[in-house]
Colleague: 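My questions will all concern the structure given below.
Because the structure is a prediction, the values reported are computed rather than measured.
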Amino acid sequence: MTGDTTIGIVGLGTIGRIHAERLADLGADLAGADLASEPREAFAAEFEVPTYEDHEALLEAGVDAVVVGVPNRVHEEVAVDALEAGVDVLLEKPLAHSVESAERIARVARRSEGFCTVGFTMRYSGLTERVVDLRESGRFGSISHVSVDYLRRGGIPGGGRGWFTNPDLAGGGVLMDLGVHVIDLALFVMGYPTVEEVSGQTRSEFGDYDVEDSATALLRCEGGRTVSVDTSWHGTSEPSQDCVVRGTEAGAAFAVTEDDLTLVDADPDAGSETIAVETGDMHLAEDRTFLESVAGEREPAETVEEALTVQRVIEAIYESSERGNAVVVEGGNR
């Protein structure tokens with residue numbers, strides 16, 4: 001990569017700086033925007049780049065693309081302004097704080113000269129990439145079920161006092177924070193089948209806030225395929241980020257942040273095989289892919305339509321939990 005591409009970082013908190021560090025290493029020029037002066041000053045000093053008080057000023061100054069790391073409720077405003085200016089967008093997950101907002105972003109993205117992608121980082125694990133390669137080669141046969149979990153202990157963002165636990169800003173709790181990752185991971189591994197029905201339960205057990213801190217769900221997809229999801233900020237289980245794939249010819253199991261993939265053959269006499277796969281820096285791989293897409297060297301890895309599917313699944317989980325029964329998702333549209 002050369003320094004010919006300028007990426008604006010909107011929101012100069014933790015995730016914005018994670019992207020900035022990697023994009024700088026990849027040779028991109030940077031600019032920053034944040035409503036607060038302290039992070040602007042720190043960002044300007046560290047990266048020796050211009051900063052602006054808001055995304056409008058950043059866009060007016062001229063950038064090729066933006067990485068957006070602001071509260072979920074603000075995603076639509078920043079993404080729509082950027083896309084209407086023909087600027088490419090990488091939104092931190094989720095696509096938005098609500099399905100309605102996500103749909104508005106998607107409508108603008110469809111007609112924009114720029115593209116919109118969402119930061120589903122688990123796609124960029126070397127293990128995920130190997131599993132997708134195995135699927136495409138036919139090693140699994142027909143995948144019938146994928147089980148995913150993202151479980152923490154003591155992992156409530158900001159100790160429950162930040163915007164992640166504010167339903168007006170976040171749109172929800174752990175599903176919007178961690179669940180989005182593993183829902184995308186499972187559907188991505190399966191090749192993004194249509195989700196037809198969702199049954200879910202959310203809970204708030206470990207804090208004084210108005211969002212869920214754990215959730216469990218079953219997704220019924222076209223062709224009788226299923227996905228099970230389990231996620232929590234805090235609970236009485238060991239932390240994990242696991243994915244189990246079951247197919248008619250073989251299955252696989254891996255932890256997203258580790259370096260081993262277990263491959264299990266359908267023939268019980270064949271046993272199992274452990275394959276060493278380097279996980280790698282998922283954020284670095286994500287940002288490299290984004291830069292290559294901005295430069296026109298490849299298609300964006302994630303599509304706004306896939307992110308919209310994840311948003312609809314999350315809303316269906318909330319609705320199913322509230323109603324106490326399964327919710328039909330016809331054609332992926334609510």
Colleague: Is there a donor-acceptor pair closer than 3.5 Å between any side-chain N or O of Asp149 and the backbone N or O of Asp242?
Modeller: yes
Colleague: First locate atom OG1 of Thr202, then atom CG of Asp213, and finally report the distance between them rounded to the nearest 0.5 Å.
Modeller: 9.5 Å
Colleague: Taking all heavy atoms of Phe164 and all of Ala170, pick out the closest pair and write down the distance.
Modeller: O-CB, 3.7 Å
Colleague: Assigning hydrophobic clusters by single linkage (Ile, Leu, Val, Met, Phe, Trp, Tyr; side-chain heavy-atom cutoff under 4.5 Å), is Phe188 placed with Val277?
Modeller: yes
Colleague: With a 4.5 Å cut-off on side-chain heavy atoms, are Asp29 and Val49 touching?
Modeller: no
Colleague: What residues form a salt bridge (Lys or Arg N to Asp or Glu O under 4.0 Å) with Arg123, not counting sequence neighbours?
Modeller: Asp184, Glu306
Colleague: Taking salt bridge (Lys or Arg N to Asp or Glu O under 4.0 Å) as the definition, give me every residue that meets it alongside Arg22, ordered by chain and number, with sequence neighbours left out.
Modeller: Asp281
Colleague: Is the gap between the ring centers of His97 and His75 under 6.0 Å?
Modeller: no
Colleague: Nearest 0.5 angstrom please: Asp260 CG to Phe254 CZ, how far?
Modeller: 12.5 Å
Colleague: Hey, are Glu212 and Ser204 close enough side-chain-wise for a donor-acceptor pair under 3.5 Å?
Modeller: no
Colleague: I would like to know whether Thr117 and Phe290 meet side-chain contact (heavy atoms from CB on, under 4.5 Å); could you show each step before the answer?
Modeller: CA-CA 8 Å; Thr117 187; Phe290 182 58; 4.0 Å; yes
Colleague: Less than 4.0 Å between a side-chain N and a carboxylate O, is that true for Arg139 and Asp133?
Modeller: no
Colleague: Which heavy atom of Ile9 sits nearest to which heavy atom of Ala20, and what is that distance?
Modeller: CG1-CB, 4.3 Å
Colleague: Take His234 and Arg152 through the side-chain contact (heavy atoms from CB on, under 4.5 Å) test and state the conclusion after the steps.
Modeller: CA-CA 5 Å; His234 180 69; Arg152 288 180 179 169; over 6 Å; no
Colleague: Can you give me the closest heavy-atom contact between Pro157 and Asp177, atom names plus distance?
Modeller: CG-OD2, 3.6 Å
Colleague: Counting distance only, does the side-chain N/O of Glu315 pair as donor-acceptor with the main-chain N or O of Ser98 below 3.5 Å?
Modeller: no
